[in-house]
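Reading through the structure tokens given below for one structure.
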Amino acid sequence: MTPTLTTVRSWNPQALTEIAAGLTAVDEAFTAEMDRLPRRMDDAHHDWSGVSYDAAYDRVRAECESAAKVSVEIRSVVGTRISHQRRDSRFVR
């Protein structure tokens with residue numbers, strides 16, 4: 001279904017930019033926390049060792065790798081929104 005001109009004029013692209021900024025902030029905080037996990041595991045290694053530690057460390061590493069992939073996707077979506085905003089701003093009068 002093609003939107004009408006009235007519908008298009010009612011859209012608020014700035015809201016998408018605000019959402020993109022919010023996603024960026026959340027992604028940065030999440031990434032920072034995920035970056036701390038391996039160090040926390042290293043700290044725990046002083047009191048914890050063996051097969052269970054190795055399994056937990058492998059799980060943390062896998063979770064960090066998955067989180068990094070999610071972060072890349074979030075940054076891609078945000079980057080797409082920003083590039084569209086720049087492109088669209090040329091046509092706004």
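Note that the structure is a prediction, hence the values are computed from the model and not measured.
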Over 60° means perpendicular and under 30° means parallel, so classify the ring planes of His45 and Tyr53, tilted if in between.
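Tilted: the ring planes of Tyr53 and His45 meet at 30° to 60°.
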Report yes if the side chains of Leu16 and Trp11 come closer than 4.5 Å at any heavy-atom pair, otherwise no.
no
Tell me whether [X] contacts the main-chain N or O of [Y] through its side chain, where contact means a donor paired with an acceptor under 3.5 Å.
X	Y	result
Thr24	Ala20	yes
Ser10	Thr7	yes
Thr80	Ser76	yes

Just how far is it from atom [atom1] of [X] to atom [atom2] of [Y], taken to the nearest 0.5 Å?
X	Y	atom1	atom2	result
Met1	Thr4	CE	OG1	8.0 Å
Arg75	Asp27	CZ	CG	4.5 Å
Leu37	Met41	CG	CE	9.0 Å
Glu33	Arg40	CD	CZ	4.5 Å
Glu18	Asn12	CD	CG	7.0 Å
Ile74	Leu23	CD1	CG	6.0 Å

Heavy-atom nearest pair, Met34 first then Cys64, reads O-SG, 3.4 Å
Out of curiosity, does Val78 fall in the hydrophobic cluster containing Phe30 (side-chain heavy atoms, cut-off under 4.5 Å, transitive links)?
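No, Phe30 does not connect to Val78 through the hydrophobic network.
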Determine, using the 4.5 Å side-chain heavy-atom cutoff (strictly less than), whether Val60 and Trp48 are members of one ILVMFWY cluster.
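As far as the 4.5 Å side-chain criterion goes, Trp48 and Val60 are connected within one cluster.
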I'd like to know if Lys69 and Glu73 make a salt bridge, using a cut-off of under 4.0 Å between side-chain N and carboxylate O.
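Between Glu73 and Lys69 there is no salt bridge, as every charged N stays at least 4.0 Å from the carboxylate O atoms.
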